There are 2 protein chains.
Amino acid sequence: MATHTQRTRRADALSKQRIVDAAIEILDAGGERALTFRALASRLETGSGAIYWHVENKSDLLVAASDDVIARVLASTDGNVEPFTAIRAVALGMFDAIDAHPWVGAQLVREPWQLAMLKIYERVGAQLRILGVPERSLFYAASALVNYILGVAGQNAANARLDAHEGDRSAFRGAVAARWTQHDPAQFPFAHQIAEQLREHDDREQFLAGIDFILAGIAALG
Amino acid sequence: MATHTQRTRRADALSKQRIVDAAIEILDAGGERALTFRALASRLETGSGAIYWHVENKSDLLVAASDDVIARVLASTDGNVEPFTAIRAVALGMFDAIDAHPWVGAQLVREPWQLAMLKIYERVGAQLRILGVPERSLFYAASALVNYILGVAGQNAANARLDAHEGDRSAFRGAVAARWTQHDPAQFPFAHQIAEQLREHDDREQFLAGIDFILAGIAALG
DNA sequence: ACCTGAACACCGTTCAAGT
DNA sequence: ACCTGAACACCGTTCAAGT
């Protein structure tokens, strides 16, 4: 039968890239919980076992998917500008990518030794060197920046998980602020004092402020 | 039957605290994957459903377990010392606790709005205030420190997951360094340059260096 | 070489039934 | 009020069988 031949020899044969693309779509649309091999197989119109021919396991798939996203960030941010600007640009690129694909934040934290992290270290490290950071503190300086980025990344992923089908950032911040202030003010004075700032602050600005603190500290301590 | 009565009216009745204690033991011994309701029920010599009488679900249990660990950290570190020292002490306390219980790192990153995080913000914020950080940057300064701590926490949890049944930190660092240097030196010069430092560095010292960068930056930028 | 889809060995969670 | 444990609705992964 013609339809049968079409099905088995279709032009859109499976490949790791097609699987990764489909996985990213599912992750973006429904979050980490939505990505199952059954959902993936059904979207790709194949059997769940077929995916294992191209991908080692679920962890391998998640690594490939987040590597895909990070590679795009690094490709789109320029390394050939003033080092201070370059570091802020990669950091902000990471922030925006994780904002758009929160599952990437969780994935980076889960397996930080993957190639994507190495590439980020590479970009940050090169700029710090240009900035004149002495050899002995280069590693610590780079890891401070990367660890900070990872922390915010994880935080963002968690927020998105809580936010779920809302997408309303400011409502979400209000909810967190409300949660913070529901405790005893005598026991949690700081939480009460900053609750209003928490409600109204800009996430990107807050993120960059942290980067700037670290860069200033690196400059000060060398 | 006497044995029967003993079983149903035993002195060591279930309670949330007993469940949390057992969960922590399982998590410490076998990692996050080992904690299942079946394993927990068998250790507590009860049915898996009984646990649900005291605990809402698995997420609730993990929150309670990590809160338990963090509370101990905060109780054991003194807030009544010089602010700079106090901040370093909480940070280091967190680091050591997560080193001993890596699953806490993963849990903090997974649900950062939990009470434990609020307590950390509280401690850090109070010290920054004493340090004279101006009101307008207080929130950003505190969140920079907390996000950094979270990043390292997540990293540590991931490393422990990879390390698994080894526990040999230096062998692990060697393995990561080997992985980093297996790529093309022309494409990853920074990775090759710092591979040796990666192999020999002290994790706690590296962690504190990051804290000091941020504190110096806060002092510099105000 | 690549795909199919049933089967296996797990999960978290629920719930009727017990005490 | 609290506990029991079978049952339900899922998972990731494997693998004999197909093309």
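Each chain gets a letter, A, B and so on, in the order the sequences are listed, and its residues count up from 1. It should be emphasised that the depicted structure is a prediction, and the values quoted were computed from it without experimental measurement.
Asp68(B) has no carboxylate O lying under 4.0 Å from a charged side-chain N of Lys16(B), or vice versa, which leaves the two without a salt bridge.
One atom, NZ of Lys58(B), and another, P of dC10(D), lie 18 Å apart when rounded to the nearest Å. In this structure, the CZ atom of Phe37(A) is 18 Å from the P atom of dC10(C), given to the nearest Å. Between the P atom of dG12(D) and the CD1 atom of Ile26(A) lies a distance of 11 Å, rounded to the nearest Å. With rounding to whole Å, Asn57(A) atom CG is found 8 Å from dT14(D) atom P. Arg38(A) places its CZ atom 11 Å from the C1' atom of dA9(D), with the value rounded to the nearest Å. At whole-Å resolution of the value, CG in Leu40(A) and P in dT13(D) are 12 Å apart. In this structure, CD1 of Ile51(A) is placed 14 Å from C1' of dT14(D), rounded to the nearest angstrom. Going from atom NE2 of His54(B) over to atom C1' of dC2(D) covers 7 Å, rounded to whole Å.
Within the nucleic acid shown, Leu61(B) has no heavy atom closer than 4.0 Å to any nucleic acid atom.
Using cut-offs of 30° and 60° on the angle between ring planes, the pair Tyr140(B) and His201(A) is perpendicular.
Here the nucleotide nearest the side chain of Ala13(A), chosen from dG12(D), dC3(D), dC3(C), is dC3(C). Residue Ser48(A) places its side chain closer to dT14(D) than to any other of dC3(C), dG12(C), dT14(D). The side chain of Ala50(A) sits closest to dC3(C) out of dG12(C), dG12(D), dC3(C). Set against dT13(C), dC11(D), dC3(D), the side chain of Tyr52(B) has dT13(C) as its closest nucleotide.
Within the structure, every side-chain polar atom (N or O) of Trp53(A) is placed at least 4.0 Å from both OP1 and OP2 of dC3(C).
In this structure, Phe213(B) has its ring center no closer than 6.0 Å to that of Phe213(A). Residues Tyr121(A) and Phe188(B) keep their aromatic ring centres 6.0 Å or farther apart.
Panel note: side chain Glu122(A), backbone Phe190(B); a donor-acceptor pair is recorded below 3.5 Å.
dC8(C) and dG12(D) make up a base pair, with Watson-Crick or G-U wobble contacts both under 3.5 Å. Using Watson-Crick or G-U wobble geometry with both donor-acceptor distances under 3.5 Å, dA1(C) finds its partner in dT19(D).
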